[in-house]
Protein chains: 2
Amino acid sequence: MTSRPESARAGRPATMSDVAARARVSRALVSIVFRDQPGASQATRERVRQAARELGYAPDQRARLLSRRRSGLLGVQFAVEHPFHGELVEALYTAAEARGYELALSAVAPSRDEERAVASLLAYRCEALILLGPTAPDGRLDALGQQVPLVVVARNLRTEQAEVVRTDDEDGARQATQHLLALGHTRIVQVDGGGAPGSAERRRGYRAAMERAGLATQVRVLTGGPTERDGLDAFVRLAAEPADPQGPRRPSAVVAFNDRCALGVLQAATQAGLQVPTDLSVVGYDDSRMATLPWVDLTTVRQDVAELATLAVARAVARIEGPPGAASLLTPPRLVVRGSTGPVPRPA
Amino acid sequence: MTSRPESARAGRPATMSDVAARARVSRALVSIVFRDQPGASQATRERVRQAARELGYAPDQRARLLSRRRSGLLGVQFAVEHPFHGELVEALYTAAEARGYELALSAVAPSRDEERAVASLLAYRCEALILLGPTAPDGRLDALGQQVPLVVVARNLRTEQAEVVRTDDEDGARQATQHLLALGHTRIVQVDGGGAPGSAERRRGYRAAMERAGLATQVRVLTGGPTERDGLDAFVRLAAEPADPQGPRRPSAVVAFNDRCALGVLQAATQAGLQVPTDLSVVGYDDSRMATLPWVDLTTVRQDVAELATLAVARAVARIEGPPGAASLLTPPRLVVRGSTGPVPRPA
DNA sequence: CGTTGTGGCTAGAGCGCTCTAGTCTTCCCT
DNA sequence: AGGGAAGACTAGAGCGCTCTAGCCACAACG
């Protein structure tokens, strides 16, 4: 960055004309130099850059975007409250840069809904939109996809109008369940994500693993959600059920929708006097920072953030440059085994 | 948002001219209507809006910014990994909107340093920069402040070149310490933030409270940091000290730099077999989401995010509109008492 | 010697808006 | 009837860039 403009020239920042005048060349030449285009001698380039430095000049992005045939912008919608989105944003920056695009960020927050976020991105004439875990209805996304090249990340969507990039959640849930099965568990319940993106897939994965193990009758899905509260409530409800001597015994393992949900389950279990993993094994999803904390030490399923970001940008670019050939790309998840899972407890 | 452009007019989005033509008015009129300026009859407004709707028109922000005398943009630099920044960003959106400004977001991440984030903001010709907890050296911020109206949030900085908006951390730490004193604790140690912004202030607050209570000799600050690891390590080190029969007994309470640090302390204490708050009281700082989790239930100090955001925007606007009259604004923090603090344990 | 490149450079027309300085009505007040 | 004044609307000049066309000087080629 320029460190200090020598001439604050009437308060306004220096323009290309200022640089051109000082370097005694045309404005076009300055443009050529700053875009690293052929058409200027080495000596002139140096002269222009020097003049720019002296004036503290940096090209005006607004003008640049306006006059360029293409804006070179990728609009990213993310939820400010979601650490996972934060990781994605970072990875998107590097992925976009590698392909010569810039990112325009627009946050979603309780007080700022997706419509507003998208409208603002569209107003900047982004060439494509990358939405992280959007909650808008399918129809809305479909319509949006007709308007602008669209990539939906971490959410399933069946449409020709958008690219979908997500982790293979079904596989992830399957891996989590199989891990528990391998430890000898049979009474495994799932606390699902309610209406959160990915819920249906993770339910399917859990169910598939159970059925494959011949435990179809043991399948049990509790309604949960993406927050600690959801996990806690679900487990409290479970624990409150009257113990039926003839009925099935209490579950020995829980597959939670995500790490936050798993934390809620852990809390409820602890309050109910259960030891983890001695009395109960718990698996989360996301491998968030909290999962790695020593006293949480949660077995979980890791999504490949860098891969998701790279794919998202690649698909966005493909949609921008080529005809809309919608694809749905799945990234493989990876089980991370930690201390919250252990062998099935012996019946007392 | 417009739901579906009736005419995708050669692939390119509709412009003001398209709308003007369709509504049979001049471009200027369309501009007036979209800026909600006086100078158009009610009937015409409706006609223009209708035409725009039919064309799926939305003003091009790039052109808007360029031609407007002022960009109306507030550039915000935030760290993608920091939940606290997320909260601030949300609050900034509403605060900025209330004063007629828009936000331009630029993220800082391990792979994207502050220089890049700032450069990108500057390229958009933001009228002011709001930096959330910047880690750049004072000199750099000072220089930046000479270049553009600058507001530094949640970081202390002694300069005329920038506005500083932060929580009164000294007071916060004082409140935390006084709370423990009121509960009867005397052996209170602080695990500080190492070099993190706010460390010095919080140390002062702790020290002041102790001295005021006549416990100057009991003051003890352990080097910590802003992460769980830091808190954990600090407490482990403390616990590892040989018990000196003549020396002071073990502390009965800890004032941690922030919630993450406090969590580390909690972890270490639990592993050492201590019950919280029976054997040890712990206070955090930030009132983060984790502090509110039932099984953490951390007594902590809450920063007024909305107030910080409002002040930050107000100061930014003041700097933009008026002469640089640098101010350093302190927001009062508030102690939130939860379950991690209790009366001083009776000597066994 | 004319022709054809070619490297280095410039003129000038946009990009899609905003905004100042009008013009043209119509209405109101003496 | 004349003289504003207000309201509705338009022309056109920017804003700071990019980019196409084209100019000029010089070299290489036949």
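These figures come from a predicted structure and were not determined experimentally. First the proteins, then the strands, lettered A, B, ... as listed; each starts at 1.
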Tell me whether the side-chain N/O atoms of A/R68 come closer than 4.0 Å to OP1 or OP2 in C/dC15.
no

Let me know, please, whether B/V25 or A/P59 comes out on the 5' side of the other along DNA chain D by nearest nucleotide.
B/V25

Heavy atoms only, 4.0 Å cut-off, all strands: where does B/R27 land among base, sugar-phosphate and nothing?
base

Round to the nearest Å and state the distance from B/R24 atom CZ to D/dT10 atom P.
12 Å

Tell me: CZ of B/R47 to P of D/dA8, nearest whole Å?
13 Å

Hey, is the side chain of B/Y57 poking within less than 4.0 Å of OP1 or OP2 on C/dC17, counting only N and O atoms?
yes

Does OP1 or OP2 of D/dT20 have a side-chain N or O of A/R69 closer than 4.0 Å?
no

Roughly how many Å is it from CD in A/Q37 to C1' in C/dT10, rounded to a whole number?
16 Å

Integer-rounded Å distance: D/dT10 C1' and B/I32 CD1
9 Å

Sorted by position of nearest nucleotide on DNA chain C, 5' first, the leading residue of A/A40 and B/L66 is A/A40

So, for A/A128 and A/A316, which heavy atoms are closest and what is the spacing to 0.1 Å?
CB-CB, 4.0 Å

Return no unless some side-chain N or O of A/T15 is found under 4.0 Å from OP1 or OP2 of D/dG16.
no

In whole Å, what is the span from the CD atom of A/Q61 to the C1' atom of D/dG16?
12 Å

Kindly say whether B/A107 contributes a backbone atom to a donor-acceptor pair with the side chain of B/R112 at under 3.5 angstrom?
yes

Side-chain donor-acceptor pair under 3.5 Å between B/E114 and B/T135, yes or no?
yes

Would you mind reading off the distance between B/R35 atom CZ and C/dT20 atom C1', rounded to a whole angstrom?
11 Å

B/D18 CG to C/dC15 C1', straight-line distance once rounded to whole Å:
13 Å

Parallel, tilted or perpendicular, judged at 30° and 60°: which one describes the rings of B/Y57 and B/F34?
perpendicular

Rounded distance (Å) that lies between atom P of D/dG16 and atom OH of B/Y124:
17 Å

Indicate, with a heavy-atom threshold strictly under 4.0 Å, whether B/T44 touches base, sugar-phosphate, or nothing.
sugar-phosphate

Charged N to carboxylate O below 4.0 Å: is that the case for B/R64 and B/E102?
no

Look at the side-chain N and O atoms of A/S67 and state whether any lies under 4.0 Å from the OP1 or OP2 oxygen of D/dC19.
no

Walking DNA chain D from its 5' end, the first of B/S41 and B/R125 to be reached, judged by nearest nucleotide, is B/S41

Compare side-chain N and O positions of B/S31 against OP1 and OP2 of C/dT18 and report whether any pair is under 4.0 Å apart.
yes

